Amino acid sequence: MNKDVFKLAYIYIGTIIGAGFASGREIIDFFGVYGAKGIIGMIISSFLFMFIGAFFLSKIYEKKINGYENLINNIFGEKLGFFIDTVIILSLFIGYCIMVSGSGALFNQEFNLSKNMGIYLMVTLSFITFLFSLEGLSFINSILVPFLVLGIIYFGGNVILKEGFIFSNLEGIEYTNKGNFITSSILYVGFNSLLLIVILSSLLPIITNKKVAIKGGLMGGGVLGVLGCFILIPLLILYTQVYALDIPMLNISGYGGRIYSKIFSVILWLAMFTTAIANGFGFIERVSKKRNHMFTSFLFCLSSIPLAKLGFSNLVATIYPIFGYFGGFILLVSIIRLI
């Protein structure tokens with residue numbers, strides 16, 4: 001398969017796979033609570049991700065859209081587009097801060113190191129990546145995403161092979177504040193769509209033709225579905241032990257021994273990092289306009305540190321739902337207008 005297909009798929013996966021996905025917390029909240037029906041919900045989400053990836057990447061190539069500002073103005077017009085653009089810029093900055101904060105929390109909880117060490121390490125590595133713009137984003141995802149994929153499949157598969165498909169949460173509940181398992185799966189895609197639209201609309205320079213665009217989107221969405229199942233099924237098997245945990249996948253990974261949970265902590269940190277650089281890349285590309293790229297990158301990274309120190313769980317609980325619904329709205333209108 002064309003290497004450009006893999007480039008697109010890796011960036012797609014790296015954008016979505018962040019702290020909420022890889023930790024298992026989002027997977028429990030949006031899918032696991034419904035029991036075995038959550039697996040159907042995960043499959044629905046996967047098909048939606050495949051459709052969105054293939055649709056947006058092909059339209060970006062056809063219409064030669066270079067950057068989400070171009071996309072938003074074409075769809076909403078300049079006046080409304082300016083407001084939406086401002087909200088997106090804010091969401092990218094806060095999304096980056098949340099991942100940096102998560103790095104600090106992980107260093108403190110799992111490695112007994114200073115939160116500041118985790119924060120400063122992610123900020124420093126992000127800054128280095130941002131200096132290389134899209135090439136840096138593509139290169140980092142090409143290295144880290146295969147590692148993330150293999151790690152999640154290994155740890156999830158380990159529990160499935162040992163326990164079999166015996167779910168401690170088989171029936172689940174019928175309805176939550178997200179509706180049923182179908183509406184919850186649709187909402188999950190909406191919650192991830194804002195960052196996704198920003199990143200996909202920046203990938204024109206590495207989309208060589210329409211076929212590559214479609215294959216990259218389909219591959220990215222399909223792999224996300226597979227990874228989701230390798231997280232969801234072990235969570236359903238050990239549900240009674242992990243449903244209340246902040247990072248349930250650490251318990252899943254520790255099933256093979258304490259050393260394995262440490263290894264998964266590294267995988268989780270890498271997942272945070274790929275999502276962090278996706279947020280930062282989107283922000284910097286929009287704000288710098290190719291001018292003063294290094295200075296903008298430095299200022300962006302530096303200014304994220306105070307907000308990151310507010311705490312990971314506080315930021316997630318208050319910010320994610322707001323931008324989630326906003327992203328779902330942007331996604332729906334964009335699809336309708338681009339058809």
Side-chain angles (χ1 to χ4, degrees), residues 16-49 102 105-106 109-110 148-192 223-269 271-272 312-313 316-317 320-321 324:
I16 298 296
I17 206 172
F21 186 100
S23 71
R25 188 64 258 167
E26 281 180 6
I27 304 299
I28 280 185
D29 291 343
F30 283 86
F31 304 98
V33 292
Y34 303 103
K37 296 186 294 293
I39 299 173
I40 302 172
M42 179 62 70
I43 293 169
I44 292 171
S45 285
S46 179
F47 277 110
L48 288 173
F49 277 128
L106 193 65
Q109 291 172 24
E110 292 305 313
L148 291 171
V149 170
L150 291 173
I152 289 171
I153 290 174
Y154 174 80
F155 288 115
N158 186 42
V159 173
I160 295 169
L161 288 173
K162 287 185 177 179
E163 297 293 332
F165 292 90
I166 302 170
F167 298 157
S168 61
N169 183 28
L170 180 62
E171 295 297 326
I173 55 179
E174 287 294 323
Y175 298 99
T176 68
N177 60 353
K178 302 178 187 69
N180 61 17
F181 71 96
I182 296 173
T183 56
S184 189
S185 66
I186 295 169
L187 273 175
Y188 181 70
V189 176
F191 273 28
N192 284 283
V223 172
L224 283 170
V226 171
L227 294 179
C229 287
F230 269 95
I231 292 175
L232 175 60
I233 293 172
L235 290 175
L236 290 174
I237 292 169
L238 302 177
Y239 191 83
T240 53
Q241 301 173 37
V242 302
Y243 74 95
L245 301 176
D246 285 338
I247 308 178
M249 278 304 290
L250 283 177
N251 187 283
I252 298 292
S253 61
Y255 200 70
R258 181 63 181 160
I259 185 64
Y260 288 100
S261 65
K262 292 297 183 186
I263 294 171
F264 191 82
S265 296
V266 176
I267 291 173
L268 181 57
W269 188 89
M272 290 180 181
F312 180 61
S313 58
V316 170
Y320 264 20

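Note that the coordinates shown come from a computational prediction; the quantities given were computed from them, not determined experimentally.
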Sub-4.5 Å side-chain heavy-atom contact between Lys262 and Val266: no

Worked verdict on Leu235 versus Phe31 for side chain to side chain contact (heavy atoms under 4.5 Å, CB included): CA-CA 10 Å; Leu235 290 175; Phe31 304 98; over 6 Å; no

Passing candidate, side-chain contact (heavy atoms from CB on, under 4.5 Å) with Phe165, options Leu170, Ile233, Leu236: Ile233

Euclidean distance, Phe167 CZ relative to Leu238 CG, rounded to 0.5 Å: 11.0 Å

Leu250 CG to Gln109 CD distance, which is reported to the nearest 0.5 Å: 8.5 Å

Check: Tyr154 and Ile263 side chains under 4.5 Å, non-hydrogen atoms: no

From Ser184 atom OG to Phe191 atom CZ, the distance as rounded to the nearest 0.5 Å: 8.5 Å

Shortest non-hydrogen contact from Ile267 toward Leu148: O-CD2, 3.1 Å

Ser45 vs Phe30 side-chain heavy atoms within contact, under 4.5 Å: no

Trace of the side chain to side chain contact (heavy atoms under 4.5 Å, CB included) decision for Ile28 with Val242: CA-CA 9 Å; Ile28 280 185; Val242 302; 4.3 Å; yes

Minimum-distance pair of heavy atoms, taken over all atoms of Pro248 and Gly24: CG-C, 3.6 Å

Thr176 side chain reached by Tyr34 side chain, heavy atoms, under 4.5 Å: yes

Minimum heavy-atom distance Ser185-Gly41, with the two atoms named: CB-O, 3.1 Å

Test item: Glu110 and Phe264 side chains (from C-beta on) under 4.5 Å apart, heavy atoms: no

Asn158 side chain reached by Tyr260 side chain, heavy atoms, under 4.5 Å: no

Parallel, tilted or perpendicular, as decided by the 30° and 60° cut-offs, for the rings of Tyr243 and Tyr239: parallel

Minimum-distance pair of heavy atoms, taken over all atoms of Leu227 and Ile152: O-CG2, 3.9 Å

Atom pair CZ (Phe181) and CD1 (Ile39), whose distance is rounded to the nearest 0.5 Å: 11.5 Å

Short side-chain to backbone donor-acceptor contact, Lys178 and Thr183, under 3.5 Å: no

Heavy-atom closest contact (Gly164 atom, Ile237 atom, distance): O-CD1, 3.2 Å

Any side-chain heavy-atom pair of Gln241 and Asn251 under 4.5 Å: yes

Euclidean distance, Met249 CE relative to Arg25 CZ, rounded to 0.5 Å: 13.0 Å

Minimal non-hydrogen separation, Phe21 against Leu224, with atom names: CZ-O, 3.7 Å

Euclidean distance, Met42 CE relative to Ile231 CD1, rounded to 0.5 Å: 7.5 Å

